[in-house]
Amino acid sequence: METNRNVCFSSFVVGASLLTVLAIGVSAAVAAEPTDSAPDKAFLLKEKPADAADVIAVRKDAKDRADVVVVGRIGGRTNPWIKGAAAFSIVDRSLTPCNEMPGDTCKTPWDYCCETDLPKATVLIMVHDADGKLVKRDARKLLGVKELDTVFIQGKAKRDKAGNVSIVASKIYVAPEKKDITQ
């Protein structure tokens, strides 16, 4: 019971940290929200980028403002989406969501509540337009994604003074739905 409380508290801390990073890193200028609901192909890659690094490696090795390609699964919180912005969290593929654990009946498996290493295995993704502004549109509509989708993100790493890493994304590849997506 105590372990579950610690895991839930860790999940809360990760969520609060991601929101803090977003609040600090978001420019005051935000791109206008498009009115259509189809995914915007301007942000989507047709092919999976080569040499993608997993989330844990990017958190460890990426330098501030370095070009990166990172791969992970959408999740890390009960609600991994940032309201009013094309921003969301992804989790390292080495972690197991609850729905892939035998006998687990979690209603929100994408929150990875059973994982103790979640804070070290999550990054915030913020989709920016060609002018460098955060896109003000729900990422699910902008990119046609959902919780637990595997995504490959091209962008720039953003490392704050506390060592937290977020990714300013320019292009995204959404992997076809499969349990085992390899590079």
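- Side chains of Thr150 and Arg93 form a contact here, defined as non-hydrogen atoms less than 4.5 Å apart.
- Side-chain atoms of Asp92 never come within 3.5 Å of backbone atoms of Leu95 as a donor-acceptor pair (strictly under, hydrogens ignored).
- With contacts defined as side-chain heavy-atom distances shorter than 4.5 Å, the pair Phe43/Lys171 does not qualify.
- Glu147 contributes atom CD, which lies 11.0 Å from atom CG of Asn99 (distance to the nearest 0.5 angstrom).
- Electrostatic pairing of Lys156 and Asp67 counts as a salt bridge here, judged by a charged N lying under 4.0 Å from a carboxylate O.
- For the pair Leu148/Tyr112, a side-chain contact is recorded, criterion being any heavy-atom separation below 4.5 Å from C-beta on.
- Residues Lys146 and Asp149 are paired through a salt bridge, judged by an N-O separation under 4.0 Å between the basic side chain and the carboxylate.
- Remark: the backbone N or O of Arg59 is paired with a side-chain donor or acceptor of Arg159 at under 3.5 angstrom.
- At distances below 3.5 Å, at least one donor-acceptor pair connects side-chain atoms of Trp110 with backbone N or O atoms of Thr78.
- Using a distance-only test at 3.5 Å, with no hydrogens or angles considered, no donor-acceptor pair links the side chain of Asp54 to the main chain of Ile56.
- Scanning all heavy atoms of the two residues, the minimum distance from Val91 to Val55 falls at C-CG2, 3.9 Å.
- Judged by distance alone, the side chain of Gln154 and the main-chain N or O of Ala169 form no donor-acceptor pair under 3.5 Å.
- Among all heavy-atom pairs drawn from Ala62 and Val68, the shortest one is CB-CG1, 4.1 Å.
- Taking CG from Asp111 and SG from Cys98, the interatomic distance works out to 5.5 Å, rounded to the nearest 0.5 Å.
- Side chains of Val174 and Phe152 form no contact here, defined as non-hydrogen atoms less than 4.5 Å apart.
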Practice item. Under the salt bridge (charged side-chain N to carboxylate O under 4.0 Å, His left out) rule, what do Asp131 and Lys133 come out as? Steps first, then yes or no, please. Key: CA-CA 6 Å; Asp131 295 326; Lys133 297 175 183 174; 5.1 Å; no

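- With hydrogens and angles disregarded, a donor-acceptor distance shorter than 3.5 Å links the side chain of Asp129 to the backbone of Gly132.
- Remark: the backbone N or O of Ile125 is not paired with any side-chain donor or acceptor of Ser166 at under 3.5 angstrom.
- Note: Ile167 CD1 to His128 NE2 = 11.5 Å, rounded to the nearest 0.5 Å.
- Residues Val71 and Val69 are not in side-chain contact: their nearest non-hydrogen atoms beyond the backbone lie 4.5 Å or more apart.
- The shortest distance between side-chain heavy atoms of Val151 and Ile74 falls below 4.5 Å.
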